[in-house]
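From a predicted model like this one, the values you see are computed outputs, not experimental measurements. Remember, it's 1-based here, ligands and their atoms both numbered in the order they're listed. In this chain, numbering begins with 1 at the start of the sequence shown.
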Amino acid sequence: MANILIGVSGGIACYKIPTLCRLFKKEGHDVKVILTENASKFVTPLTFESVTGNRAYTGEFDPGLDPEIIEHIDLAGWADKFVIAPATANLTAKAACGIADNLLTSTLLVYTKPVIFVPAMNTNMFNHPATQENLKTLEKRGHIIIEPDSGELACGTSGKGRMKEPEELFRLIEGERPLAGLRVLVTAGATVEPIDPVRYISNYSSGKMGLAVASKARELGAEVKVIAGSISADCSEFDTVYVKSAEDMLNAVREHVGSCDILIKAAAVADYAPVEAAVQKIKKNDGELVIRLKKNPDILKEIAPLKKHSQVFCGFAAESENLNKNAIRKLNEKKLDMIVANDISRKDIGFGSDDNEAEIFFADGSSEHFSKGSKKLLAEMILIRAAGLLK
Ligand code: CTP
């Protein structure tokens, strides 16, 4: 059983932490809590002492402590896992800068393993570039961020920033990193086929689904590489290869597919491209303009012969009619292990939306329905199923 150290900083989500402590205790772990001064105004140290059976640590220089023990060194050495929940904007900023002005932040500097940060705050604070950069800094240093959910917030507003419920946090922290040691290659966004130096053919794909897969794969412990076409979201936090056309994407996939365990092909690839991109800008005239198109390579079909038995390939099917029939045909023609089909005629899901609803078809003829929910939740289902298919 593990020694779990929970650092609690001062936000309303503090009230969820005693329940989290109890869940760890029930599992047989030893739990210690460090509270910042503000955190102890939300929930008293006594509450934490009652649920953990250990002293709740508040200050580095409290009188009456064992002078033999240097608390921040001792606690950092004791902890097998170090979780900061809730991680306020202030605590996150201090951690990113390496400020050590209280017991919790000092212990963070001593601790050498990855820390799990659970940010929870007002949406604007969470979205602020400073907070986002701080979180990225922590992530780049190898720490794990458990993203907040969207919903009603204590401040009366609604948006991203709400801490996950203790049961879900427990599940995520409890080493449920089922993709640890696996390499996931994700293609995301739309390909862009040039007509001339200023115009192109593309499609409405935002890349959100692909990035949801990338971010969930990393959360579940995988090593992630992204091949991104035109994408509206920022993917700088991932190891990303940027491409433009279907031809470029094919080359990039060919280069990297050999070193992945799971390929998730979420990109919306343009099926046709201009026969030749004009070197100069095409000038308008009074007549019609005819652009001749050639068929692009089907990336999944092209790479199917490269697939090893140990790999799992998953495609997507964007359908506006006959969803099941078309998806199953694509699954077979592209020699996939699974395909995620969604109805693009619906306005509330799919392109550009944060939500999706899908039917997942498997090569063994079975299928599974994903009821409308966030792309991140769908991503989790896809990845868990894909990992389950690995030989
Ligand atoms: N795909 C691909 N190469 C293409 C077109 C699509 O690899 N040239 C992949 C997509 O990334 C997706 C799957 O194939 O994983 C299905 O894409 P979709 O656009 O739904 O189907 P298409 O095969 O293009 O067929 P159609 O456009 O006729 O529906």
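- Residue-to-ligand polar distances place Ile299 within reach of ligand 1: an N/O pair is separated by less than 3.5 Å.
- Of all atoms in ligand 1, numbered sequentially from 1 with element shown, those under 4.0 Å from a heavy atom of Ala267 are 10 (C), 11 (O).
- Looking at Glu368 and Ser366, their side chains never bring a donor and an acceptor atom within 3.5 Å of each other.
- Ala266 does not count as a contact of ligand 1, since none of its heavy atoms falls under 4.0 Å from the ligand.
- Every N/O-N/O distance between Asn296 and ligand 1 stays at or above 3.5 Å.
- In this structure, Asn134 contributes its side chain and Ala130 its backbone to a donor-acceptor pair below 3.5 Å.
- Taking a distance limit of 4.0 Å, we find that atom 19 (O) of ligand 1 is approached by no protein heavy atom.
- Heavy-atom contacts of Lys265 reach the following atoms of ligand 1: 2 (C), 7 (O), 11 (O), 12 (C), 15 (O) (cutoff under 4.0 Å).
- The protein heavy atom nearest to atom 8 (N) of ligand 1 is Pro297 O, 2.9 Å.
- The protein reaches atom 11 (O) of ligand 1 closely, with a heavy atom under 4.0 angstrom from it.
- Of all protein heavy atoms, the one lying nearest to atom 9 (C) of ligand 1 is Leu300 CD1, 3.7 Å.
- A donor atom on one side chain and an acceptor atom on the other are found under 3.5 Å apart for Asp343 and Ser345.
- Taking only nitrogen or oxygen atoms, main chain and side chain alike, Ala270 does not reach within less than 3.5 Å of ligand 1.
- Centroid-to-centroid, the aromatic rings of Phe42 and Tyr15 stay 6.0 Å apart or farther.
- Considering only heavy atoms from C-beta on, Lys281 comes within 4.5 Å of Arg199 through its side chain.
- For the pair Lys330 and ligand 1, the shortest N or O to N or O distance falls below 3.5 Å.
- Contacts of Ala246 with ligand 1, taken as heavy-atom pairs under 4.0 Å, are absent altogether.
- Any N or O atom pair closer than 3.5 Å counts here, and Val269 shares no such pair with ligand 1.
- Applying the 4.0 Å criterion to heavy atoms of Gly315 picks out, from ligand 1, the atoms 15 (O).
- Between the side chains of Asp234 and Ser236, at least one donor N or O sits under 3.5 Å from an acceptor N or O.
- Looking at ligand 1, you'll find an N or O of Phe316 within less than 3.5 Å of one of its N or O atoms.
- Neither the backbone nor the side chain of Lys301 has a heavy atom within less than 4.0 Å of ligand 1.
- For Ala317, no nitrogen or oxygen atom sits less than 3.5 Å from a nitrogen or oxygen atom of ligand 1, counting backbone and side chain alike.
- There is no side-chain donor-acceptor pair under 3.5 Å between Thr47 and Ser50.
- Around NZ of Lys113, the count of heavy atoms belonging to other residues, nucleotides or ligands within 6.0 Å exceeds 12.
- Here CZ of Phe238 is found 13.0 Å from NZ of Lys225. Values are rounded to the nearest 0.5 Å.
- A donor atom on one side chain and an acceptor atom on the other are found under 3.5 Å apart for Lys376 and Ser215.
- Closest of all the heavy-atom pairs between Ser202 and Val192 is OG-CG2, 3.8 Å.
- Counting non-hydrogen atoms of neighbouring residues, nucleotides and ligands closer than 6.0 angstrom, the CZ atom of Phe126 exceeds 12 such neighbours.
- Close approach of ligand 1 to Lys334 (heavy-atom distance below 4.0 Å) involves ligand atoms 1 (N), 6 (C), 9 (C), 13 (C), 14 (O), 16 (C), 22 (P), 23 (O).
- The option from Val340, Asp271, Ile303, Asn203 that lies nearest to atom 5 (C) of ligand 1, judged by heavy atoms, is Asp271.
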